[in-house]
Every structure is written in structure tokens, then in C-alpha cells.
Amino acid sequence: GAGVSQTPSNKVTEKGKYVELRCDPISGHTALYWYRQSLGQGPEFLIYFQGTGAADDSGLPNDRFFAVRPEGSVSTLKIQRTERGDSAVYLCASSLGTGNGYTFGSGTRLTVV
Amino acid sequence: GESVGLHLPTLSVQEGDNSIINCAYSNSASDYFIWYKQESGKGPQFIIDIRSNMDKRQGQRVTVLLNKTVKHLSLQIAATQPGDSAVYFCAENLGSGTYKYIFGTGTRLKVLA
């Protein structure tokens, strides 16, 4: 597609539930990134994929968070047993290579009630 | 849409005036920097970048200045327009080819008519 697409744009879930957030990167972009943005803060790195593999998942806050990219294109960020502190905007970005800026999607706003 | 940066520092400027947004970065090894613009409900959008072997770079109506001695970046916007109203983030890349960016906390720019 023309840009990075994230769905859903908004997600409200109850504490303890499981959620999946989807990212469709720009066609041909091999690198894909997930960031999390809390209100009033800049985005914080979560995980980076090069192709199908997670090259760096050091930003994932704990083992409730997991992400996959099985075919090297679409990625899904999965959060188990959601907590109110998980409420944030989850941003996905993609790029052709590394070392230059990347293109962000509009994000998924997750609210845990 | 969602509000980004409710508690961010705010810069208010008159339409037509020049704006200067400042950012202190954290790592002396960072060698590539980007300014992003983020409008409410959208992901960060690339504005301009600069590498550490430069101290100034100009784009269309925007100029980025880099002072490595004091680890400081600034973004200058000439003839500020209402469409420039947004939150602006600086992001640093920790080394050549590094995929991870560290974002600053952001500054909200309000353009007064």
C-alpha cells in the first residue's frame, strides 16, 4: 500500500483480556518496527523485525507482549492479560533499510479499562 | 481524534513569525538525527534529518541546527503557518546503521491567527 496501515485505529478492552494489533507495512519494506507512545511522551522502541525474524525485542516490557511477522510482511503485536498501564498508542513503522528514518502508521490507540 | 502531548511544553507563535523548537539529545555517540511532526490522531511524520558531520541543513521552510558540543538540536520553521500546529519530536540514532531511535519528549507548537 501507499503507507503503513494499522488496525484497529482504536481498541478498548477489559483488564485481563488478550488483544492483537495489526500492522501492514509499505510494500517491499523489509524492516518493521513497533513503538509505544504514552500520553505526553515520545515514542519508545518495542521490537524490530528484519524480514520474518525479530532482530531485537529488547524494548518489549515483559513476557505478556509478543510480536510476529510470519511472512515478512504483516506483523501482529499480541498482548496477553492486559493491564491498565498498557493503555497507550501503539505505532508501527517500516523502512527499506536501517540507518535512515522510517515511515510510521497512524497507530492503534489501546485503552484498557 | 486522540490528543497527543497534553502535558508537553508549548510554544505559541503568531502566524507568519518564525518558530524555533529546541531539543537536547542524550548520547554523544548518536550520529544521525531526525525531526518528526505529529498531528493529533496521526503517527509521526518525517520533516528533516541531519548527520553528525554537518551542523546545519535546510529544507523547505525548515532548518535544523546541530551543536554536538552541547548535544543540542534545533528546528527552525520560517513563516509559520496554521498547518504547522502539531507536536514536534527530535529523534536520535545511536550509530551508523542502527535501527533504533530515541525520541525526545516533544514540544507542542501552537500557531495563533
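Sequence lines set the chain letters: A, B, ... in the order given, protein chains first and strands last, and positions in each chain run from 1. Just the heavy atoms: all of them, side chains too, but no hydrogens, waters or symmetry mates, feed the values below.
Closest heavy-atom contact between B:G43 and A:L91: CA-CD2, 4.0 Å.
Between the CZ atom in A:F104 and the CD atom in B:Q38 there is a gap of 8.5 Å [rounded to 0.5 Å]. From A:S9, atom OG reaches atom NZ of B:K42 across 13.5 Å, with rounding to the nearest 0.5 Å. The distance from atom CG of B:L8 to atom CD of A:Q41, rounded to the nearest 0.5 Å, is 7.5 Å.
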Start with the C-alpha gap between B:Y101 and A:Y35, add the side-chain angles, then the distance that decides, and say whether ring pair (Phe, Tyr, Trp, His ring centres under 6.0 Å) holds. CA-CA 10 Å; B:Y101 287 84; A:Y35 279 72; 7.8 Å; no
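At a threshold of 4.5 Å between side-chain heavy atoms, the hydrophobic network of Ile, Leu, Val, Met, Phe, Trp and Tyr places B:L75 and B:I50 in one connected group. At a threshold of 4.5 Å between side-chain heavy atoms, the hydrophobic network of Ile, Leu, Val, Met, Phe, Trp and Tyr places A:V112 and A:L60 in one connected group. In the hydrophobic clustering of this structure, B:F33 does not group with B:L65; members are Ile, Leu, Val, Met, Phe, Trp, Tyr whose side-chain heavy atoms approach within less than 4.5 Å, directly or through other members. Linking Ile, Leu, Val, Met, Phe, Trp and Tyr whenever their side-chain heavy atoms come within less than 4.5 Å leaves B:V64 and B:F46 in two separate clusters. With hydrophobic clusters built from ILVMFWY side chains whose heavy atoms lie under 4.5 angstrom apart, A:V74 does not share a cluster with A:L77.
At most 12 non-hydrogen atoms from other residues, nucleotides or ligands lie less than 6.0 angstrom from NZ of B:K56.
Proximity to chain B (any heavy atom under 4.5 Å) is restricted, for A:S58, to the side chain, taken from C-beta onward.
Side-chain atoms of A:D56 and B:Y99, non-hydrogen and from C-beta on, do get closer than 4.5 Å to each other.
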